[in-house]
2 protein chains.
Amino acid sequence: MTASAKQLLKKNISKHILLTEEKADEFCELFESRFVKKKESLLKAGEICRFEGFVNKGLFRVYHIDRDGVDQVLYFAAEDWWVTDIDSFTNERPSWLYIEALEDAEILLISKENKEFAYRNIPEIEKLFRIMTQKTHVFLQRRIIDNMSKTADERYIEFIERYPQLFHRLSNLQIAAYLGISHEFLSKIRKKISQKK
Amino acid sequence: MTASAKQLLKKNISKHILLTEEKADEFCELFESRFVKKKESLLKAGEICRFEGFVNKGLFRVYHIDRDGVDQVLYFAAEDWWVTDIDSFTNERPSWLYIEALEDAEILLISKENKEFAYRNIPEIEKLFRIMTQKTHVFLQRRIIDNMSKTADERYIEFIERYPQLFHRLSNLQIAAYLGISHEFLSKIRKKISQKK
DNA sequence: GTAAAAAGTTGAACAAGTTCAATAAATGGA
DNA sequence: TCCATTTATTGAACTTGTTCAACTTTTTAC
C-alpha cells in the first residue's frame, strides 16, 4: 500500500472517530491494495462479496441489472468513498449487484476475517462502521423520498449541484441509470435546461 | 414498563446479538414506556427527535410531506419494530419527518443520553445498533432498486406478499403513500388485479 | 343510531417518462 | 490516423401514472 493511500484512509477514519496513531496503523495493516483497470469488475451478481473497499484513486459504480437487462446504479464511489455489497459481504450470501471500475482505480480491500479481527481488537472500529452505516442510511432514506417526490428534471439538477466533481467524470448513461430514467429522456431534459438559459 | 413489553424487547435484541440476562436487563432499564393514541404524533417535521423507539403494541407510520402537501411514507413500524429519525436523533438536527400512530400504541423510548450511556457501558450495544442499522441499510438499497425497476402493480403485489399482516391493518391511502403512487391509481390497480382472478 | 368525516372507486383529460428507430458526435484501440 | 464502438440527440408513438371531479362506501364520534 502506498503511503498516500494509507494517509487518505487514515484521514477518512478520523472524520468519523478518534483513533490513536498506533491503532489507526494497526487497522490500516488489515487492508491490501488492488489496482483495477477501467471496465474491470470487482464483483458480479451471483458471487459472494469478499471485501469492503476504500477507494484511493479512480471511480466505481455499484449497480443492478434487472429482468429486462436495464442497469440501475445504486451509487458511485470515487476517491475517499467506501464500496461493498454489505449484505453479501456480511452474510456471505450471493450478491445481486455488480461493482465495476469506470476509470483505472486503486482500492484498499479488507476481508471479512480482518474486519472481524478489527472489531474484536480495536473496539472503536465497531463505532466507525456503525457511524458510517448510519450516515449511508440517512442518505438512502433521503434518496427514497426524493425519488418519490421530485421529477426527473429536479433530481438531475440536484445531482449536478451536489456532485459537480462526479458529474463531469460520468457519462449521461451512468447518470440516467442513477436517476432511474432512460438516457434518452435525460438527453431531452438536458436540452430543455440548456434552452432555458 | 410492563413485563411483556420488556420480554418483547429482550427477544428482539437476542435476534441480533448475544447478551447476558443482566446486561439485557440493564439495557431495558434505560427505556421508558409511552402510550400513544391513534393519530397522535411522536415527532413532527422541524422538531428534534429525542428518542429511539421500540414498538410494543400498535402501528406507526414514518412519513414526509413534500412541497405540494403530498405524503410519502418511509416505513411503517408495528410490534417488534424500531422507529426513529436517526439523523435528527443522532445529530440533534431538525427533522423533516413525521412519526404518527395509526393505531393506539405502546412504545418503549430511549433517549440519546441513555443510548450513549449504553454504548459506553455495554459494548455489545454498539454491535446491536451497527447490525440493526446494517439490516435497514440493505432493506433501503433493495427498495431503491425496486422502485426503479418495478411497476406500481408489481410493487403492490410484493408489498402484500411480504407484509400480509401489515397489509390488512393499513388503508389504501397509506399503502399508496408507501409505494409512491396516488391512491386513485392504487384503486385502479386493485380493480385490475381482482378482475384477473 | 345517525350525521359527518374519511376512505375508496371510477372516468376523462392530461403529464411524465419510455421505447424504438434513425442519425450524429465522441472516444478508444490497433 | 482511421475504423469500430460507444455515447448522445431527436422525433413519433406509446405506456404508466396523475389530477380533478363526482360519487359510493365505510368508519368514527357523539
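From a predicted model like this one, the values you see are computed outputs, not experimental measurements. Proteins get letters first, then strands, A, B, ... in listed order; numbering begins at 1 in each. We use all heavy atoms of the structure for the numbers below, so side chains are in, but hydrogens, waters and symmetry mates are not.
Note: CZ (B:R190) to P (C:dA7) measures 14 Å, nearest angstrom. The CD-P distance, from A:E184 to C:dA16, rounds to 18 Å in whole Å. Atoms CD1 (A:I189) and C1' (C:dT18) sit 12 Å apart, rounded to a whole Å. Atom pair A:K150:NZ and C:dA16:P shows a separation of 17 Å (rounding to whole Å applied). Atom CG in B:D71 sits roughly 14 Å away from atom P in C:dA6 (whole-Å rounding). Atoms CD (A:E154) and P (C:dA15) sit 16 Å apart, rounded to a whole Å. The distance from atom CG of A:L173 to atom P of C:dT19 is 14 Å, rounded to the nearest whole Å. Between B:L186 atom CG and C:dT10 atom P there is a gap of 12 Å when expressed in whole angstrom units.
Under the 6.0 Å distance and 45° angle rule, A:R169 does not count as a cation-pi partner of A:F76. Remark: B:R143 qualifies as a cation-pi partner of B:Y178 under the 6.0 Å distance and 45° angle criteria applied to the six-membered ring.
First and last contacts of DNA chain D with chain A, using any nucleotide atom under 4.0 Å from a protein heavy atom and ordered 5' to 3', fall at D:dT7 to D:dA12.
Nucleic acid contact for B:S187: base, since at least one base atom lies under 4.0 Å from a heavy atom of the residue. Within the nucleic acid shown, B:S182 comes within 4.0 Å of at least one base atom, counting heavy atoms only. No engagement by B:D68 is indicated, since no non-hydrogen atom pair under 4.0 Å with the nucleic acid exists.
Not one side-chain nitrogen or oxygen of A:K39 sits closer than 4.0 Å to the OP1 or OP2 atom of C:dG28. Contact check, A:K188 against C:dA15: no side-chain N or O comes under 4.0 Å of OP1 or OP2.
Aromatic ring centres of A:F89 and A:F51: separated by at least 6.0 Å. Checked against a 6.0 Å centroid threshold, the rings of A:Y63 and A:W96 do not count as neighbours.
Comparing B:N172 and A:F185 along DNA chain C, the residue whose closest nucleotide (by nearest heavy atom) sits nearer the 5' end is B:N172.
Side chains of A:D87 and A:L97 form no contact here, defined as non-hydrogen atoms less than 4.5 Å apart.
Atom NZ of A:K57 has 12 or fewer heavy atoms from other residues, nucleotides or ligands within 6.0 Å.
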Assess whether ring pair (Phe, Tyr, Trp, His ring centres under 6.0 Å) is satisfied between A:W82 and A:F60, documenting all intermediate values. CA-CA 10 Å; A:W82 293 81; A:F60 292 88; over 10 Å; no
